[in-house]
Amino acid sequence: MTTPGNHQGKYGRIAFVAGPSAEAQQALAQFVAAYGNHPSDKADVVVALGGDGLMLQTLHRHMRSGIPIYGMHRGTVGFLMNEFSPHGLIERLDAAKVTVINPLLMRATDIHGKVHIHHAINEVSLFRQTHQAARLRILVDEHERMAELIADGIMVATPAGSTAYNLSAQGPILPINAALFALTPISPFRPRRWRGALLPNTAFVVFEVLESDKRPVAAVADHDEARDVQRVEIIADKTISIRMLFDPGHSLEERILSEQFGF
């Protein structure tokens, strides 16, 4: 029988976190009884029990720690989570494959000249603040790609975030290992038929807000917001590498294929 906090494996010291649902809390109690629960700053791995919302919180919390994150689905949405099983956790952790993701870095300058810097794991989004649609100029790698987009907004989504708000906005789903960003408009009015673009994850994306006094715009990096922005710069922060652990043959790829074909 496994003694709590004393077991063999590549990741011998485990920190558990769980969402608020009854099933997540039940799983937490079961795992802590079997393996103990180390403080995250002394653990070899964090195991997150919940849905994608909990995974996003956990990734943000440990973004700079270098500690790998392994998710198990005990929530409502679980694109980023492995299947739940109460058995064989140590063996699953030992066999898990590492996926490295770099968060987006947003640098937003507002109409008062104040600079807001935030990281995003899912997406950076721009939204109109009033009834007036936003007017935006889009530059990629310092080249103008669209002189004027009139829309409710626009976002740059990572592969990890492509199944979140990006998917609801009819953006493409990206495999978790794809070296791409999705540039997805939100309810575009002009050009009405523009559906966005795929960009390499080395791209430097800039949005300039036109008529910012008449058509105010907010910029949001996951959950951090800057209002009344004039210019928003977005790039992958290669100085931060977040390690996610997935089971071999993880069903995420199959779920992505199913979503792309409408199932």
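We're numbering straight along the sequence, starting at 1.
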Suppose we screen for side-chain hydrogen bond (donor to acceptor under 3.5 Å, both in side chains). Which residues come up paired with [X], at least two apart in sequence or across chains?
{"X": "Glu211", "result": "Arg135, Arg215"}
{"X": "Gln57", "result": "none"}
{"X": "Thr99", "result": "Asn177"}
{"X": "Asp222", "result": "His60"}

Scan for salt bridge (Lys or Arg N to Asp or Glu O under 4.0 Å) pairs involving [range], sequence neighbours excluded, and state none if there are none.
{"range": "residues 153-174", "answer": "none"}
{"range": "residues 43-53", "answer": "Arg13-Asp44"}
{"range": "residues 30-39", "answer": "none"}

What is the distance from atom [atom1] of [X] to atom [atom2] of [Y], rounded to the nearest 0.5 Å?
{"X": "His62", "Y": "Ser40", "atom1": "NE2", "atom2": "OG", "result": "4.5 Å"}
{"X": "Ile150", "Y": "Ser187", "atom1": "CD1", "atom2": "OG", "result": "13.5 Å"}
{"X": "Lys10", "Y": "Ile90", "atom1": "NZ", "atom2": "CD1", "result": "12.0 Å"}
{"X": "Arg243", "Y": "Leu59", "atom1": "CZ", "atom2": "CG", "result": "12.5 Å"}
{"X": "Glu23", "Y": "Phe84", "atom1": "CD", "atom2": "CZ", "result": "8.5 Å"}
{"X": "Leu136", "Y": "Ser212", "atom1": "CG", "atom2": "OG", "result": "11.0 Å"}

Check: Can you name the side chain to side chain contact (heavy atoms under 4.5 Å, CB included) partners of Leu139, sequence neighbours left out?
Finding: Arg137, Val206, Glu208
Margin query: Which residue in the set Ile138, Ile186, Val205 passes side chain to side chain contact (heavy atoms under 4.5 Å, CB included) when paired with Ile154?
Written below: Ile138
Which heavy atom of [X] sits nearest a heavy atom of [Y], and at what distance?
{"X": "Ala219", "Y": "Val232", "result": "CB-CG2, 3.9 Å"}
{"X": "Ala96", "Y": "Leu245", "result": "CB-CB, 3.9 Å"}
{"X": "Pro191", "Y": "Glu148", "result": "CD-O, 3.9 Å"}
{"X": "Val46", "Y": "Ile67", "result": "CG2-CD1, 3.7 Å"}
{"X": "Ala24", "Y": "Ala18", "result": "O-CB, 3.8 Å"}
{"X": "Ala48", "Y": "Met81", "result": "O-CE, 3.4 Å"}

Cluster link [X] to [Y], ILVMFWY, side chain under 4.5 Å:
{"X": "Met146", "Y": "Met155", "value": "no"}
{"X": "Ile176", "Y": "Ile240", "value": "yes"}
{"X": "Val156", "Y": "Ile235", "value": "no"}
{"X": "Val32", "Y": "Ile14", "value": "yes"}
{"X": "Val140", "Y": "Leu210", "value": "no"}

Next item on the list: Show your reasoning for whether side chain to side chain contact (heavy atoms under 4.5 Å, CB included) applies to Tyr35 and Leu89.
Entry: CA-CA 9 Å; Tyr35 304 106; Leu89 176 60; 3.8 Å; yes
Give every donor-acceptor pair under 3.5 Å between a side-chain atom in residues 103-121 and any protein atom, sequence neighbours left out.
residue: Asp110; atom: OD1; partner: His112; partner atom: N; Å: 2.9
residue: Asp110; atom: OD1; partner: Gly113; partner atom: N; Å: 3.1
residue: Asp110; atom: OD1; partner: Lys114; partner atom: N; Å: 2.9
residue: Asp110; atom: OD2; partner: His116; partner atom: NE2; Å: 3.0
residue: His119; atom: NE2; partner: Asp237; partner atom: OD2; Å: 2.7

Notebook entry, point to check: Who pairs with Asp152 by salt bridge (charged side-chain N to carboxylate O under 4.0 Å, His left out), at least two apart in sequence or on another chain?
Noted result: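 Asp152 satisfies salt bridge (charged side-chain N to carboxylate O under 4.0 Å, His left out) with Arg128 once adjacent residues are dropped.
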Notebook entry, point to check: With Arg227, which residues qualify under salt bridge (charged side-chain N to carboxylate O under 4.0 Å, His left out), at least two apart?
Noted result: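 Here the qualifying residues are Glu225.
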Could you check whether any side-chain heavy atom of [X] comes within less than 4.5 Å of a side-chain heavy atom of [Y], counting everything from C-beta outward?
{"X": "Leu174", "Y": "Phe181", "result": "no"}
{"X": "Pro68", "Y": "Met244", "result": "no"}
{"X": "Phe207", "Y": "Ile234", "result": "yes"}
{"X": "His73", "Y": "Leu49", "result": "no"}
{"X": "Val17", "Y": "Val47", "result": "no"}
{"X": "Leu180", "Y": "Leu199", "result": "no"}
{"X": "Ile101", "Y": "Thr158", "result": "no"}
{"X": "Ile242", "Y": "Asn102", "result": "no"}

Checklist line | Intermediate values then yes/no, side chain to side chain contact (heavy atoms under 4.5 Å, CB included), Arg190 and Leu149 | finding: CA-CA 6 Å; Arg190 185 180 302 134; Leu149 169 69; over 6 Å; no
Next item on the list: Spell out, as yes or no, whether a donor-acceptor pair under 3.5 Å connects the side chain of Glu233 to the backbone of Phe204.
Entry: no
Margin query: Quick check against the 3.5 Å criterion: does Asn82 have a side-chain atom that pairs as donor or acceptor with the backbone of Asp247?
Written below: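 Looks like yes, one N/O pair under 3.5 Å.
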Notebook entry, point to check: Angle class for the Phe31/Phe16 ring planes (parallel below 30°, perpendicular above 60°, tilted otherwise)?
Noted result: parallel
Notebook entry, point to check: What's the verdict on side chain to side chain contact (heavy atoms under 4.5 Å, CB included) for Val124 and Val220, showing C-alpha distance, side-chain angles and the deciding distance?
Noted result: CA-CA 6 Å; Val124 171; Val220 182; over 6 Å; no
Checklist line | side chain to side chain contact (heavy atoms under 4.5 Å, CB included) assessment of Val98 paired with Val100 | finding: CA-CA 6 Å; Val98 177; Val100 177; 4.1 Å; yes
Checklist line | Crowding at CD, Gln26 (>12 non-hydrogen neighbours, <6.0 Å) | finding: no
Could you list the donor-acceptor pairs under 3.5 angstrom formed between side-chain atoms of residues 166-173 and any protein atom two or more places apart in sequence or on another chain?
residue: Asn166; atom: OD1; partner: Thr184; partner atom: OG1; Å: 2.6
residue: Asn166; atom: ND2; partner: Ser162; partner atom: O; Å: 3.0
residue: Asn166; atom: ND2; partner: Pro172; partner atom: O; Å: 2.8

